[in-house]
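A short worksheet on the structure shown next.
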Amino acid sequence: MNTPQFDQALGDPFGHSLSHPFDLRLDALLAAYRDGRIEPRGLIGALRTRALALNAEYRLFIHVLDEAELEPYLAALEHQSPADLPLFGTPFAIKDNIDLAGIPTTAACPAFAYTPARSATVVERLVALGAIPIGKANLDQFATGLNGTRSPYGACRNAVLPDYPAGGSSAGSALAVALGVASFALGTDTAGSGRVPAAFNNLVGTKPSRGLLLTAGVVPACRTLDCVTFFTATASEASRLLGLCAGLDALDPYSRHNPSWNHAAAFGTPLPFRFGVPRPADLEFFGCTEGPALFASAIERLRAIGGEAVEIDFTPFLEAARLLYEGPWVAERYSVVGPLMERTPDAVLPVIRAVLAKAPGATAVQTFEAQYRLQAYKARCDALLAELDCVLTPTIGRPVTLAELAAEPVLRNSDLGHYTNFMNLLDYAAVAVPSAVMKNALPWGVTLFGRAFTDQYLLSLADAFQRVQAELPLTGGHTLDTPRPVGRAQHDRLAIVVCGAHLQGLPLNHQLTTRGARLLERTVSSPHYRLYALAGGPPLRPGMVRVAEDGCAIEVEVWELPAAEFGSFLAGIPSPLGLGKVELADGRWEIGFICEPSGIAGATEISHFGGWRGYLASR
């Protein structure tokens, strides 16, 4: 039996006593299995021992699986191999508001606990792929909190500095990865619980689009808003896990179809992009003197990977955020916890009772009024995002200490959600990614967010962001040494090259603009085309034909069209025109207008005009 050598610690990237005895990142772990350096029983047994030892100090687990509870998962792998299962022998932690068959689900409330006969759908999918659950992770009770101290099973301290919290509510899940007990962990995120703990512990926290990761078997916080999340060391690992697990579930009426542009193949290297940043007046660091410079540095890193920063009015996002706890959505939380509070008030922590106390007074009229306000904010926010590929914010304005949380638990918890609370209300996807280390050695991070179902694109940006800051160690002291992703990052917009009446200001341009398209650039094709004015009309139509020799560079525009509108646009293109791949002057190949060679019969060659506008000017 091969067992990893746990006495050879890799050291702590932040200069403290924390060390990771083994590289649990997905690629490294699968390589070790394939090479025969380890096998699941030895690894899981050693990780279980480590988890129990760490739990006394960090309180990261409510329940660590014992040998008998682990045995079915280990036995299932005995006749399998890493070649058979993409997550073969991969240890993972489960937030204890997510069901694992045969293990109590507590939601950090002993009086609420029950033992499910079936695992949550997302857990079932991971186990079927070869992953092995290590334990049920500690959390803020009923996932109500962003700090990780609101649990009768103990407060979760930070992985780096003992005077700081781990962040919550998915505190234990983040710690399981940060402390080297799990390759990844499942959390949940209603108001920021999958992102705040990532920022506190030097992790990537992926909050997918609502309904993308399945919530069947998850204790609701706000059922209409809840998301299952991943904590990982790298964005590329999160991309892989999301690609493996996303999908519809008949047991979950809130699950949603994942569009093709958001499948695993969409993860890649981003082309130049535009990202929003809050105006200086909208940024809030709650007195943190390091925050402004750290955020400015993060902006420069995004510019270094091809981003163009655009200042935006952040007011509607912040106004939407206030609705989560100041509006009737608190009543949705009460629908789960309320019956227990009414029967046994002391079963629920006082701070949670205080948060939910006003919920019974919420009226249907107030609920609808809040929905109207939210829709107005969303219309403004969506209009801003329509011109951008993503938005960058700090993940938290200022890290708070355990002492500050004890003194002002509600206010300081609210501060932590300043940049996170609006996300699910507005139906956006988000990724928290490490960005820096503060002077006191505490991790500091930023969040990239964008339209729903741009998850893989955001992870692509996060991956490029991590690679451009190679000097920042990953959790456990590792470096980002995996190959860059193959292919181009994709999102919910498609680039399309136009060369004729669809050019800006010309008669058919409305077919793009009414579908929400925006102009990306004016450029020319490679010098391998001829341009023709086709017979017929009006309107006059061009035909651009690729030739082996004696071609010209043709004036074109590159527009970006929402993928959902692409089919209707294609259906309206008349023969002999169509859409294919067009080579641009810089060597890129993009979707664009092409013409069947037979279509130039009776046409007039106009290549010498350099483009359609030049031809029209000559008439």
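Along the sequence shown, the residues carry numbers beginning at 1.
The backbone N or O of S260 lies less than 3.5 Å from no partner atom in the side chain of Q490, so there is not a single donor-acceptor pair. In this structure a side-chain-to-backbone donor-acceptor pair under 3.5 Å is missing from R412 to N147. In this structure, the side chain of N158 does not engage the main chain of A166 through any donor-acceptor pair within 3.5 Å. In this structure a side-chain-to-backbone donor-acceptor pair under 3.5 Å is present from N424 to T190.
We find that R303 and E300 are joined by a salt bridge, their nearest charged nitrogen and carboxylate oxygen being less than 4.0 Å apart. Between R223 and D226, none of the side-chain N atoms (NZ, or NE/NH1/NH2) sits under 4.0 Å from a carboxylate O, so this pair counts as no salt bridge. R125 and D249 are not joined by a salt bridge, as no carboxylate oxygen comes within less than 4.0 angstrom of a charged side-chain nitrogen. In summary, R518 and D389 engage in a salt bridge, as defined by a charged side-chain N under 4.0 Å from a carboxylate O. Residues R274 and E560 are not paired through a salt bridge, judged by the lack of any N-O separation under 4.0 Å between the basic side chain and the carboxylate.
S568 and R515 form a side-chain donor-acceptor contact under 3.5 Å, judged by distance and modelled atom types alone. For the residue pair T188 / N97, a side-chain donor-acceptor distance below 3.5 Å is found, with atom types taken as modelled. Checking S169 against K95 by side-chain atom types alone, a donor-acceptor pair falls below 3.5 Å. Under the 3.5 Å distance criterion, with hydrogens and angles disregarded, a donor-acceptor pair is assigned to the side chains of Y428 and D382. Judged purely by distance below 3.5 Å, without hydrogens or angles, the side chains of R256 and S209 never pair a donor atom with an acceptor atom. Side-chain contact of T401 with D163: a donor-acceptor pair under 3.5 Å is absent, judged by distance alone.
Contact of the V446 side chain with the F465 side chain is registered, since non-hydrogen atoms from C-beta on lie closer than 4.5 Å. Between P278 and T393 there is a side-chain heavy-atom pair separated by less than 4.5 Å. No side-chain heavy atom of W444 sits under 4.5 Å from any side-chain heavy atom of E290. Here the side chains of Y419 and I396 are not in contact, with every heavy-atom distance at 4.5 Å or above. The side-chain heavy atoms of R118 and L251, taken from C-beta on, include a pair separated by under 4.5 Å. Two residues are said to be in side-chain contact when any heavy atoms from C-beta on lie closer than 4.5 Å; D313 and R279 meet this criterion. Using a 4.5 Å cut-off on side-chain heavy atoms (C-beta onward), V431 and F230 make no contact. Using a 4.5 Å cut-off on side-chain heavy atoms (C-beta onward), T513 and W559 make contact.
Using the six-membered ring where Trp is involved, F275 and F273 have ring planes that are tilted, between 30° and 60° apart.
W329 approaches C222 most closely through the heavy-atom pair O-SG, 3.6 Å. Residues G516 and R493 share a closest heavy-atom pair of O-NH1, 4.2 Å.
In this structure T395 satisfies the side chain to side chain contact (heavy atoms under 4.5 Å, CB included) test together with R195, A199, A432, T447, sequence neighbours excluded. By the side-chain hydrogen bond (donor to acceptor under 3.5 Å, both in side chains) test, R150 is found to be paired with no residue, residues two or more places apart in sequence or in another chain being considered.
With P208 as reference, D455 is the one residue of N258, L459, D455, V228 to meet the side-chain contact (heavy atoms from CB on, under 4.5 Å) rule.
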Would you give me the side-chain donor-acceptor pairs under 3.5 Å for residues 341-348, sequence neighbours excluded?
from	atom 1	to	atom 2	distance (Å)
E342	OE2	Y334	OH	2.8

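From H491, atom NE2 reaches atom OH of Y457 across 4.5 Å, with rounding to the nearest 0.5 Å.
For F314 and F422, the distance between ring centers is under 6.0 angstrom.
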Legend entry - Stepwise side-chain hydrogen bond (donor to acceptor under 3.5 Å, both in side chains) test for T229 and D189: CA-CA 7 Å; T229 67; D189 189 316; 5.8 Å; no
Legend entry - Audit row: T105, D99, side-chain hydrogen bond (donor to acceptor under 3.5 Å, both in side chains) steps and yes/no: CA-CA 6 Å; T105 297; D99 288 345; 2.7 Å; yes
Inset, instruction - Check the pair L494 / W261 against side-chain contact (heavy atoms from CB on, under 4.5 Å), numbers first and verdict last. - result: CA-CA 9 Å; L494 294 172; W261 64 77; over 6 Å; no
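No more than 12 heavy atoms of other residues, nucleotides or ligands sit less than 6.0 Å from atom CZ of R373. Counting heavy-atom neighbours within 6.0 Å of Y114 OH, excluding the residue itself, gives a total above 12.
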